[in-house]
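I have placed the structure first, in the form of structure tokens, so that the comments after it can refer back to it.
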Amino acid sequence: MSNKKILAVLFKGGEYNTPDLLGSAENALGLKEFFAKNGYSLVSTSDKGETIDEHIKDAEIVISTPFNPVYIDQKRIESAKNLKLLVTAGVGSDHIDLDYIQKSGRKISVLEVTGSNTTSVAEHAVLTILALIKNFIPAHESIKGDKWDIARTARDAYDLEGKTIATIGAGRIGYKILERLAPFNPKELLYYDYQPLNDELTSKVNAIRVDSIEELVSRADIITINAPLHSGTKGLVNKELLSKFKDGAYLVNTARGAICVAEDVAAALKSGKLSGYGGDVWFPQPPAADHPWRTMSNKYGDGNAMTPHVSGSNLNAQARYSAGVEQILTSYFTGKFDYRPQDIILLDGEYGTKSYGADKVKK
Ligand code: NAI
């Protein structure tokens with residue numbers, strides 16, 4: 001068999017598959033003909049087990065997605081003797097062992113479609129903040145019977161205006177969230193990031209940079225997480241950090257599930273330390289049936305605004321990340337390797353972005 005093989009691991013369209021659902025394994029980003037025209041065979045699947053182990057061995061290119069993530073760990077990379085390019089259809093490549101690729105010295109590149117779903121996620125984060133603070137989901141659920149209970153919802157519902165809102169990570173998504181929140185007239189917009197915003201961006205939203213994460217969480221009524229998952233953010237929001245949050249704060253995480261310790265978040269919600277937690281990212285994905293975030297709630301039985309990992313994969317986002325994958329592969333197939341700089345996570349095994357740890361980038 002030819003070594004010119006692409007392995008694509010995407011989400012399952014199944015009974016809901018339509019031609020518009022470009023991100024499904026069945027539709028393979030709408031790129032089947034494009035792959036064939038360039039002489040590549042394609043294995044497109046949503047299965048993350050044996051199919052991957054079998055086909056990664058001789059694949060030259062692996063396309064994967066954060067929504068149905070296949071964990072491309074050291075063992076799989078070692079078995080992938082022909083591997084040259086890993087493309088993330090979306091944003092966030094933490095399902096790939098990036099540090100191992102760098103250490104291995106292999107000239108494997110990892111690219112993602114930067115910006116393809118940043119608006120989609122920022123909108124979802126704002127939606128989640130509003131849903132929690134307005135107690136919207138329990139209010140909606142309450143109209144399904146014959147009840148009309150204003151107090152049930154109102155006892156735990158507030159305005160966004162006048163609140164202090166903070167983001168951990170002020171990159172593309174974090175900043176878009178700040179932009180969208182500014183018109184709500186918050187008391188303050190805070191951010192924590194080792195890469196400061198420039199003066200123009202700072203003054204546009206009137207954001208205040210805070211030097212330590214502890215200070216950030218102790219000042220904020222609402223915190224949103226928008227940093228990538230890497231060795232410096234894994235388990236960052238744990239029991240200890242949660243103890244420094246303001247009592248009754250809200251936490252929204254559309255970045256990655258493993259940035260939070262699931263049990264610690266559930267306990268904080270139960271105790272009242274957190275009033276609400278929401279987002280669309282879990283670890284692992286899909287989560288087990290008894291994952292605490294499926295059922296956790298605050299003392300009123302409210303405060304849970306979780307969805308499956310869908311914010312960055314609506315139809316607009318799918319169209320953008322499919323086009324972005326085609327652009328990356330055109331650059332690869334033609335041998336020009338003229339990738340957009342912002343899409344490069346690793347180029348020939350070396351970090352091309354500071355987002356996964358500024359210290360990992362060669363000077
Ligand atoms: P970005 O690279 O533009 O921004 C990330 C920011 O986080 C950077 O400014 C970086 O300096 C900062 N950062 C990194 N480590 C940090 C730390 N320890 N503390 C504080 N800040 C830190 O990335 P973008 O586009 O904003 O995406 C952020 C993350 O959101 C992605 O890595 C991904 O995990 C997640 N995401 C989720 C999606 C979803 O569907 N829910 C879709 C797209 C992205």
Side-chain angles (χ1 to χ4, degrees), residues 11 23 64-69 88-96 98 110-128 166-180 190-198 201-202 207 209-217 223-238 241 252-260 278-283 285 305-318 320-321 324 340-345 351-361:
F11 64 76
S64 56
T65 173
F67 313 106
N68 180 37
T88 300
V91 173
S93 299
D94 51 278
H95 57 289
I96 300 166
L98 301 169
V110 179
L111 284 108
E112 58 186 42
V113 190
T114 296
S116 56
N117 52 20
T118 49
T119 296
S120 324
V121 179
E123 288 180 358
H124 192 96
V126 173
L127 164 79
T128 307
T167 175
I168 300 172
R172 293 170 183 86
I173 295 173
Y175 187 74
K176 279 203 178 205
I177 294 172
L178 295 177
E179 269 186 322
R180 279 151 184 73
L190 311 177
Y191 78 96
Y192 171 74
D193 195 316
Y194 50 68
Q195 303 192 77
L197 293 169
N198 66 33
L201 293 180
T202 304
R209 187 174 179 213
V210 174
D211 288 336
S212 83
I213 195 162
E214 288 78 11
E215 187 191 339
L216 184 99
V217 301
I223 293 146
T224 153
I225 306 176
N226 300 290
L229 174 64
H230 55 77
S231 50
T233 55
K234 191 173 178 194
L236 178 71
V237 181
N238 54 21
L241 190 66
V252 168
N253 177 14
T254 49
R256 284 295 178 261
I259 294 174
C260 297
D280 72 329
V281 285
W282 307 69
F283 183 79
Q285 287 184 185
M306 290 303 297
T307 61
H309 192 167
V310 72
S311 71
S313 207
N314 63 36
L315 291 181
N316 298 129
Q318 286 176 49
R320 287 189 296 260
Y321 68 64
R340 296 190 311 163
Q342 65 268 37
D343 288 351
I344 298 170
I345 305 303
Y351 276 94
T353 173
K354 289 183 178 157
S355 289
Y356 287 80
D359 53 325
K360 291 175 185 161
V361 182

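FYI, the numbering just counts along the sequence from 1. Each ligand, and each atom within it, is numbered from 1 in the order the structure gives. Remember, it's a predicted structure, so these values are computed and weren't measured experimentally.
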I want to know if ligand 1 touches [X] in the polar sense, i.e. an N/O pair below 3.5 angstrom.
{"X": "T233", "result": "no"}
{"X": "D94", "result": "no"}
{"X": "G312", "result": "yes"}
{"X": "A170", "result": "no"}

Inset, instruction - Can you confirm whether something in the protein, heavy atoms only, sits under 4.0 Å from atom 23 (O) of ligand 1? - result: no
Is it the case that the side chain of [X] and the backbone of [Y] share a donor-acceptor pair, with hydrogens and angles ignored and the cut-off at 3.5 Å?
{"X": "Q318", "Y": "G23", "value": "yes"}
{"X": "T167", "Y": "G174", "value": "no"}
{"X": "N226", "Y": "A170", "value": "no"}
{"X": "Y194", "Y": "G357", "value": "yes"}
{"X": "E215", "Y": "S212", "value": "no"}

Taking non-hydrogen atoms only, is [X] closer than 4.0 angstrom to ligand 1 via side chain, backbone, both or neither?
{"X": "V91", "value": "both"}
{"X": "I213", "value": "neither"}
{"X": "D280", "value": "side chain"}
{"X": "K354", "value": "neither"}
{"X": "R172", "value": "both"}
{"X": "T118", "value": "side chain"}

Distance to 0.1 Å, residue and atom name: give those for the protein heavy atom nearest to [atom].
{"atom": "atom 8 (C) of ligand 1", "result": "D193 OD2, 3.4 Å"}
{"atom": "atom 39 (C) of ligand 1", "result": "H309 NE2, 3.2 Å"}
{"atom": "atom 20 (C) of ligand 1", "result": "Y192 O, 3.4 Å"}
{"atom": "atom 2 (O) of ligand 1", "result": "S355 OG, 2.5 Å"}
{"atom": "atom 13 (N) of ligand 1", "result": "A227 CB, 3.8 Å"}
{"atom": "atom 4 (O) of ligand 1", "result": "G171 CA, 3.2 Å"}

At the 4.0 Å heavy-atom cut-off, does [X] count as touching ligand 1?
{"X": "H230", "result": "yes"}
{"X": "G90", "result": "no"}
{"X": "Y175", "result": "no"}

Legend entry - Separation of N238 CG from I259 CD1 (nearest 0.5 Å): 12.5 Å
Legend entry - Side chain to side chain, N117 and F67, heavy atoms closer than 4.5 Å: yes
Inset, instruction - Could you check if a side-chain atom of D94 sits within less than 4.5 angstrom of a side-chain atom of H230, using non-hydrogen atoms only? - result: no
Inset, instruction - Apply salt bridge (charged side-chain N to carboxylate O under 4.0 Å, His left out) to D280 and list each qualifying residue two or more places apart in sequence or on a separate chain. - result: none
Legend entry - Name of the residue among V110, V91, I96 meeting side-chain contact (heavy atoms from CB on, under 4.5 Å) with I345: V110
Legend entry - Under 3.5 Å side-chain donor-acceptor pair for Y175 and T118: no
